[in-house]
Peer 1: 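Before I ask anything, let me first share the structure, which is written out below as structure tokens.
Worth saying up front: this structure is predicted, and the values here are computed from it rather than measured.
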Amino acid sequence: MNSKEGIGSDRFWGLDPNTPAGAMLRMLPETFRLFERISTAMAVIAAQRAQRPLRLLLMAAPPADNLIPAVTIGLLVQDLVHRHQTGRPLLNGDIIVLTPVPRRSMTLLQNVKLNGISITEVWEVETLSRYTEESSSDKPRVYFANPGWIQRRTIHHLSSVVIDSFLPYVLRQLPDLLNTFQNVPLCILITPPLPENKRPIINNHEELTTWLWDPAAKQEPMDAQRRIWICEAGELGEALEEAEMCLWSCLDVAQSSFLSLKEAWGIYHQLRQLVVPLSDLEETVRPSLRNRLERLRAQEPPQADMEVRWYSLLSALDRAYQYLIALQEPPKFWALAFRLDELLRSTESNFLRVAVPTWAHQRILMLCLLSLFGERVLERIEVITPMQEARRVAAGDIRQTLLPGYRPASYRFLDLYFPEVIEVFAYPYEAALEQEFWSRFYADLEKWQQLESRRAALTRLGFEHFPKMPSPTPRPALVMEREVLQTRRARIVYPTPGFVIERLLESWDQEFEWSADREVDTSGRSVIPSGVDEVIQVALEDGRCLTYFPSQFVYVFYEAQDQVRRMQAAELRPGMRLVLLVDAVYEGLYERLLDALRARMGHVDRLYLDLWQAAKDQLRKNCVSLRDLHAQLAREGLSIQYPAFVTYFRGPDLDEATLAPLYEKDMAIMARRSGLFPNEQMIHETFRRIRVERKLRRQAGRALHQILRSIVSGTGYGYKEALQFAREIGEEVYDVFAAVEVVTICEVHK
């Protein structure tokens with residue numbers, strides 16, 4: 001195709017360069033990619049010509065971080081032109097943009113001008129939440145809202161809705177959101193490429209028009225391959241394969257009626273993706289995988305014909321557990337380590353990303369990699385969880401990625417047309433599943449790249465000219481490699497007389513007055529424990545009911561003390577005020593906020609802070625009790641008192657005092673004892689970054705308390721000012737605060 005007639009040209013789309021749609025291709029910010037500019041023109045044409053109602057699904061392979069502001073700008077510009085030409089609006093009503101990350105899109109929108117006229121001269125652009133004050137302006141509004149707010153607020157007189165559904169928990173809400181906005185004339189959905197098993201949630205809308213921005217349509221190269229490293233594991237692989245088959249068999253019978261099946265799935269996914277020593281993981285999480293398996297044995301399936309399958313499943317999981325607990329490191333650890341060593345030595349590979357199942361895996365793996373590779377880890381490796389990876393990719397941060405097994409279904413969209421190399425470490429049965437997923441998903445997506453599908457979509461949008469369409473994107477290469485690795489049996493450590501591991505764990509819990517965090521449920525749903533007697537039901541005054549297990553952490557706001565306390569769900573009482581995130585009520589507030597603070601820093605800064613966390617983990621791992629460790633460090637010159645020292649090990653906390661000692665000499669004593677810092681310069685560089693994060697935590701803490709005070713006052717006074725303060729800290733922090741709500745507990749049932 002001639003470049004002058006390519007998909008990014010005016011001629012391809014039949015656009016007059018002097019029309020708003022044609023002008024859009026040139027007037028948008030330079031940071032917008034070609035296909036994002038064209039999406040703006042598509043929105044312009046659709047707003048002017050498309051029949052109503054219009055439901056447009058734009059599936060876009062990453063990166064596509066400007067797609068939300070692009071289509072919103074298209075709608076607004078066409079309305080602006082129509083007002084100028086006719087004196088009447090084209091869009092009769094407000095526009096709402098639903099996105100978990102509103103701040104960046106709002107800023108882009110506010111800076112757009114057409115012939116010297118700013119969007120904000122015609123439209124009022126603001127954040128929407130339950131605490132937003134009603135505007136007294138006569139201007140129509142563009143609301144930016146986290147999708148979690150919509151279920152509890154009615155918005156009238158809407159002309160258009162734009163929904164950012166890139167993250168899994170928003171994608172799950174799409175059916176409810178579409179029903180909420182079923183009478184709105186224009187609705188544009190932005191999603192990643194969705195495999196067929198994910199689209200039925202929105203395909204029941206007959207008027208849905210689908211357009212896929214695959215690499216060929218985007219005019220972006222697609223030469224990244226997917227490499228599968230096969231790890232032979234003998235009995236372990238056989239046990240995990242049997243567990244997978246039993247899980248699917250049980251699911252066919254029970255569907256979603258047996259809650260313990262979800263717990264079994266979670267245990268299975270952790271075992272098959274394990275790249276850290278299981279013994280270390282078991283010392284870190286509560287309840288342990290061992291305890292969770294034992295509790296599952298007490299559960300009886302509701303259907304008689306599922307009983308044999310269920311106990312076969314538990315037997316397979318137990319065999320896999322026993323195999324892994326007997327090893328110093330799981331087979332996938334050394335496969336990953338050898339491959340990382342090759343990549344770190346290569347001049348062709350740049351920054352590397354390793355995605356692991358939970359935060360506990362993340363911290364342990366970081367410690368293991370530091371012991372193997374030292375400073376090279378800080379230079380080029382980032383270890384993150386699936387939700388962190390999804391947020392990074394949604395923001396356009398794309399890296400070569402290594403995975404310890406195929407992704408769970410909720411995150412599999414990240415594999416499709418991914419622009420960087422993905423390497424997967426798989427047991428033989430997982431490799432076979434990879435090939436099956438690969439073939440099925442790409443065959444399904446290629447349906448939307450055919451000439452008939454593209455012409456039908458453009459016709460529905462109001463286009464009249466159809467030059468030659470781009471050919472379907474060739475499937476990325478799938479390369480199978482075989483790794484044969486020797487595993488090491490675990491060292492048998494004989495305890496001193498009278499020493500019991502449970503006593504050690506109990507002493508840790510007594511020192512902290514809390515048990516170690518269980519992994520965050522990134523699905524946005526409750527993690528239901530297998531023992532029904534351990535469920536805590538929390539009824540809220542707004543009618544909702546949340547389900548916790550007793551040791552799950554929650555956040556409570558005490559207005560009189562102006563404090564947010566992190567406590568276990570077992571301590572909740574009626575009248576307490578819970579602090580929640582509207583888009584993921586079971587996700588920890590501080591974990592999310594600290595991740596947002598890290599996201600605004602450079603990746604090297606984040607890795608130095610990860611090194612400090614790994615150093616604290618190493619100190620805790622090597623000591624029988626923190627009191628003994630404190631006494632030893634005090635003899636080496638540590639000036640910190642014990643109560644302050646203990647707080648450094650309490651996990652996610654926004655309090656700046658829990659991050660590290662105030663003075664570098666005290667931090668250096670702890671750093672040297674950890675054995676992870678080869679020289680004094682690295683200690684100094686780490687402390688320099690600790691000071692930066694301490695300042696950010698202080699600022700974020702002030703903004704959070706201002707937000708909470710304005711919410712509980714009932715007047716909303718100071719809410720907008722607090723959001724503005726958060727914006728000055730960083731867009732990511734603003735987005736978290738825009739999702740914060742405070743709810744009062746009505747009843748607690750244990």
Side-chain angles (χ1 to χ4, degrees), residues 62-63 65 99-101 104 146 164 166-171 192 266 269-270 273 275-276 284-285 336 351-367 369 377-378 380-405 407-415 418 420 422 517-524 527 553 581 583-584 586-614 617 651-652 654 693 696 700 730-736 739:
D65 44 305
T99 173
V101 286
R104 183 170 174 274
N146 191 295
D164 173 6
F166 196 89
L167 298 181
Y169 58 78
V170 184
L171 191 61
H269 281 309
Q270 288 207 53
Q273 296 181 88
V275 285
V276 299
T284 303
V285 297
L336 173 67
F351 189 65
L352 304 170
R353 180 172 285 162
V354 181
V356 293
T358 72
W359 71 268
H361 295 245
Q362 175 187 19
R363 291 169 64 171
I364 297 171
L365 181 59
M366 190 70 186
L367 196 58
L369 295 181
V377 174
L378 299 181
R380 294 175 58 185
I381 301 176
E382 179 183 43
V383 182
I384 59 178
T385 64
M387 181 53 78
Q388 288 175 320
E389 182 192 10
R391 289 191 175 115
R392 301 272 203 279
V393 172
D397 185 1
I398 310 294
R399 309 285 182 179
Q400 182 175 350
T401 304
L402 291 84
L403 303 173
R407 299 183 196 270
S410 295
Y411 296 93
R412 212 163 285 155
F413 66 86
L414 291 172
D415 295 328
F418 196 76
E420 291 288 342
I422 295 179
D517 280 338
R518 185 174 176 180
E519 62 271 15
V520 172
D521 173 33
T522 55
S523 71
V527 181
F553 283 109
L581 296 166
D583 52 8
Y586 295 104
E587 187 174 1
L589 170 66
Y590 286 170
E591 289 93 335
R592 177 91 159 261
L593 191 50
L594 291 175
D595 189 51
L597 291 174
R598 296 284 178 89
R600 70 179 302 276
M601 307 171 73
H603 75 267
V604 174
D605 297 323
R606 295 199 300 266
L607 292 175
Y608 269 97
L609 291 167
D610 286 342
L611 172 62
W612 171 240
Q613 181 58 58
D617 290 342
L654 192 60
E693 176 155 323
L696 290 174
E731 291 176 348
E732 299 85 359
V733 177
Y734 177 101
D735 294 336
V736 175

Peer 1: Considering only heavy atoms from C-beta outward, does the side chain of L336 approach that of P404 to under 4.5 Å?
Peer 2: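 L336 does not reach P404 side chain to side chain.
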
Peer 1: Is there a side-chain contact between M366 and L607 in this structure, where contact means two heavy atoms from C-beta onward sitting under 4.5 Å apart?
Peer 2: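 When only atoms from C-beta onward are counted, L607 and M366 do touch, with a gap below 4.5 Å.
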
Peer 1: Using the rule given for side chain to side chain contact (heavy atoms under 4.5 Å, CB included), can you reason through L654 versus L594, listing the C-alpha separation, both sets of side-chain angles and the distance that settles it, and then say yes or no?
Peer 2: CA-CA 7 Å; L654 192 60; L594 291 175; 4.0 Å; yes

Peer 1: At their closest point, which heavy atom of F166 faces which heavy atom of F413, and how far apart are they?
Peer 2: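 Nearest heavy atoms, F166 then F413: O-CZ, 3.4 Å.
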
Peer 1: Mind checking whether V101 and D164 have side chains closer than 4.5 Å, heavy atoms only?
Peer 2: yes

Peer 1: Nearest 0.5 Å please: distance from the OG1 atom of T99 over to the CG atom of D735.
Peer 2: 7.0 Å

Peer 1: Is a side-chain N or O of R592 found less than 3.5 angstrom from the main chain of A584, in a donor-acceptor match?
Peer 2: no

Peer 1: Hey, are D610 and R598 close enough for a salt bridge, meaning a charged N less than 4.0 Å from a carboxylate O?
Peer 2: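 The answer is yes: the pair qualifies as a salt bridge.
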
Peer 1: Please report the interatomic distance CG(L167) to CG(D583), rounded to the nearest 0.5 Å.
Peer 2: 8.5 Å

Peer 1: Decide yes or no for M387 and Y169: does some side-chain heavy atom of the first lie under 4.5 Å from some side-chain heavy atom of the second?
Peer 2: yes

Peer 1: Side-chain contact test, heavy atoms from C-beta onward, threshold under 4.5 Å: evaluate it for I364 versus D617 and give yes or no.
Peer 2: no

Peer 1: With side chains defined as the heavy atoms from C-beta onward, is the minimum distance between I398 and F418 less than 4.5 Å?
Peer 2: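 Sidechains of F418 and I398: in contact.
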
Peer 1: Would you check if the side chain of Q362 reaches a backbone N or O of V383 as a donor-acceptor pair within less than 3.5 Å?
Peer 2: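 Judged by distance alone, yes, a pair lies under 3.5 Å.
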
Peer 1: L597 and R600: which non-hydrogen atoms are nearest, and at how many Å?
Peer 2: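 The pair with the smallest heavy-atom distance is O-CG, 3.0 Å.
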
Peer 1: Which heavy atom of P63 sits nearest a heavy atom of G396, and at what distance?
Peer 2: CB-CA, 4.1 Å

Peer 1: Tell me the closest heavy-atom pair linking A596 and V736, and the distance in Å.
Peer 2: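 It is CB-CG2, 3.8 Å.
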
Peer 1: Is there a side-chain contact between E389 and R407 (heavy atoms, below 4.5 Å)?
Peer 2: yes

Peer 1: Looking at A360 and T284, what are the two nearest heavy atoms and their distance?
Peer 2: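 Nearest pair, atom of A360 first, then T284: CB-CG2, 4.2 Å.
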
Peer 1: Given T401 and L414, is the side chain to side chain contact (heavy atoms under 4.5 Å, CB included) satisfied, shown in steps?
Peer 2: CA-CA 10 Å; T401 304; L414 291 172; over 6 Å; no

Peer 1: Identify whether the distance between the nearest side-chain nitrogen and carboxylate oxygen of E732 and R391 falls below 4.0 Å.
Peer 2: no

Peer 1: If only atom types and distance count, is the side chain of R606 paired as donor or acceptor with the main-chain N or O of M601 below 3.5 Å?
Peer 2: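 Judged by distance alone, yes, a pair lies under 3.5 Å.
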
Peer 1: Could you state the interatomic distance from CD1 (I384) to CZ (R353), rounded to the nearest 0.5 Å?
Peer 2: 4.5 Å

Peer 1: To the nearest 0.5 Å, tell me how far L367 CG sits from L611 CG.
Peer 2: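 Separation between the atoms: 9.5 Å.
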
Peer 1: Would you indicate whether the side-chain heavy atoms of L589 and L581 approach each other to under 4.5 Å?
Peer 2: yes

Peer 1: Quick check for you: to the nearest 0.5 Å, what is the distance between E693 atom CD and W612 atom CH2?
Peer 2: 12.5 Å

Peer 1: Is it true that D595 and R392 make a salt bridge, defined as a side-chain N closer than 4.0 Å to a carboxylate O?
Peer 2: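 Yes.
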
Peer 1: For the atom pair OG1 (T385) and OH (Y411), what is the distance rounded to the nearest 0.5 Å?
Peer 2: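 Separation between the atoms: 7.5 Å.
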
Peer 1: Which pair of heavy atoms, one from P386 and one from P357, lies closest together, and at what distance?
Peer 2: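 What the structure gives for the nearest pair is CD-O, 3.4 Å.
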
